[in-house]
Amino acid sequence: MEKNKITVFCENNGQEYQIPTGSSLKEFKKIVFPTNHQSILGALVNNEVRDLHYEIYNPKYINFIDVTTLDGYSVYLRSLIFVLYKAVYNLYRKKTLVVEYHLSNGVFCRLANKDVVLTGDKISEIKAEMQRIIDHDYEIMRRETPTEEAIKLFNSQGLKDKELLLSTRGKMFTSVYSIDGTCDYFYGTLAPSTGCLKVFDLMDYKDGMLLMIPDRTQPDKILPFVPQEKLFSTFSEFKRWGKISEVMQIGHLNQAIEHKHAGDMIKVSEALHEKKISQIADLIKKQKQVKVILIAGPSSSGKTTFGKRLAIQLLVNGIKPVNLSLDNYFVNREDTPKDEKGEYDFETIDALDINTFNDNIMSLLRGEEVEIPKFSFETGQRFYDGEKLKMSKNNVIIVEGIHGLNPKLTATLPHESLFKIFISALTVISIDNHNIINPSDNRLIRRMVRDHKYRSYSALDTLKRWESVLSGEQKHIPPYQEEADVMFNSALVYELGALKQQAVPLLEEVLVKYPEHSKANRLLKFFSYVQAVPTREIPPTSILREFLGGSSFKY
């Protein structure tokens, strides 16, 4: 007897389909895309990411995803990391693969075992095994397993990091993924099979390797390698900090909270921040010709609080900073460049009057008094209100803005007078050895909490804007971040636990009818791993107070 039929709506082509009840997404994709469905990695089902094994029993809205979408890109990367682990496990069964952080348009990975040196030959061998696994097109299976059994299974493969994570998460069942009998745990959906992951590379880098991933805009090509030596050093420094605080993964964070050590963890984390800011101030003092400090970084990096804390440390060193905002130097609205959609592009450096900025700085460096321009965002016009600035011998100017590292901004200024700082929340704490936290997620959570508290925006409002924010940042920050004299990582190992109490209720308000529900749902799942950190011991000068509230600084 023919199965009952249900109606589903495919958002990819805007068509309705009658399909048998209980059909899988894998079966349905072949109906929608009869000749070109190999690149499909999963689907949004009523705006929630599902793998292609998902079976449909009720009417649904379905949107198939591939690597060109943000959700599909995450699926691809997680699945490729699983293939890398499978290759390492096949070749070096007792060695521990650690996936550490995003770097140079790839993901930096290493083997934790000190007795193994990852030579170029070994990396080539691992890459060849990955290619074999992909060419074989193994199915990536998922099954729900009692957590105690899952822990035993992972321990039998040497995945000891899973035990700490899963035991502190407190769930009765756990999703266990497998490729050809090798198991792993991943935060989020995986591809249906290894054959979907044809585009990748594995490069020898430092004491590890870089897993190179596709370009979302040209998915048949690998993102080009971009040297990021200073960024690598900053990540490495933060890893050392993690060892000092004994918090490297979410399981360690949860354990510290359970054992009532959150207060000590906060104090150590904040002390490390203060020490680094003090070292930067000392470095500026040594470079006696420095008169302009440029601070740049992506959204929600904590630039404002960092600048205020740096100012205090400079004062300790006998240097008196004055602030100058790049927002004062926007060109008049009618002169603002437009983007490819014909809309005003306020993110481009050409939206700033660079000549006036350079003229003002040069006048200040000569000891002249300068009337500072102002910009009205309401009228879109420049105006002057009589505010003047003059520098004395012990003054420095602090300039904060997205373009602070772009050489075009300071083209006519004497190089020796400049000191450039890159700041971002470069999250290095991970979920476990194979599940990293994207720094942009960390910043998104910060921004969501701050937008709600200080701008009355909902989480939905912030999520709607976020992809556009990331796109602008990608154009204007990474190409110049290695220009920085120093980098500052504003991430704090405890912050995700501290942000949880305010972030979760906001995310829960993003209803399933909105496309942004998939992002909100993913972040809610992420927070399910993290235990809440009491915030009472976070000092009022902490960068995190810029987002949580309770700062002693005025903004």
If we count only N and O atoms by modelled type, under 3.5 Å, do the side chains of [X] and [Y] hold a donor and an acceptor together?
| X | Y | result |
| --- | --- | --- |
| Asp71 | Ser518 | yes |
| Asn435 | Gln249 | no |
| Ser490 | Arg446 | yes |
| Asn394 | Ser392 | yes |
| Ser363 | Asn360 | no |
| Tyr344 | Glu334 | no |
| Glu48 | His517 | yes |

Look at the side chain of [X] and the backbone N and O of [Y], then say whether any donor-acceptor pair between them is shorter than 3.5 Å.
| X | Y | value |
| --- | --- | --- |
| Ser236 | Phe232 | yes |
| Asn358 | Leu409 | yes |
| Glu482 | Lys230 | yes |
| His452 | Ser458 | no |
| His273 | Asn489 | yes |

side-chain hydrogen bond (donor to acceptor under 3.5 Å, both in side chains) against Asn254, all qualifying residues, sequence neighbours excluded: Thr168
Flag if over 12 foreign heavy atoms under 6.0 Å of CD, Gln381: yes
NZ (Lys206) with more than 12 external heavy atoms under 6.0 Å: yes
Tyr457 six-ring centre to Arg465 NZ/CZ under 6.0 Å and within 45° of normal: yes
Beyond-backbone contact of Leu470 with Arg443, side-chain heavy atoms, under 4.5 angstrom: yes
Side-chain touch Phe422/Pro298, heavy atoms, less than 4.5 angstrom: yes
Electrostatic pair Lys390:Glu368 at N-O distance under 4.0 angstrom: no
Glu516 and Lys464 ion-paired at < 4.0 Å: no
Nearest non-hydrogen partners of Phe375 and Arg382, listed with the distance: CD1-N, 4.1 Å
Sequence neighbours excluded - side-chain hydrogen bond (donor to acceptor under 3.5 Å, both in side chains) pairs with any residue from residues 286-297: none
Mutual orientation of the aromatic rings belonging to Phe235 and Tyr101 [parallel < 30°, tilted 30-60°, perpendicular > 60°]: parallel
Parallel, tilted or perpendicular: ring planes of Phe553 versus Tyr555, cut at 30 and 60 degrees: perpendicular
Show the atom names and distances, to 0.1 Å, of all donor-acceptor pairs under 3.5 Å that link a side chain in residues 216-223 to residues at least two apart or in another chain.
{"unit_1": "Arg216", "atom_1": "NE", "unit_2": "Thr68", "atom_2": "O", "d": "3.0"}
{"unit_1": "Arg216", "atom_1": "NH2", "unit_2": "Thr68", "atom_2": "O", "d": "2.9"}
{"unit_1": "Arg216", "atom_1": "NH2", "unit_2": "Glu467", "atom_2": "OE2", "d": "3.4"}
{"unit_1": "Thr217", "atom_1": "OG1", "unit_2": "Asp215", "atom_2": "OD1", "d": "2.8"}
{"unit_1": "Thr217", "atom_1": "OG1", "unit_2": "Asp215", "atom_2": "OD2", "d": "3.4"}

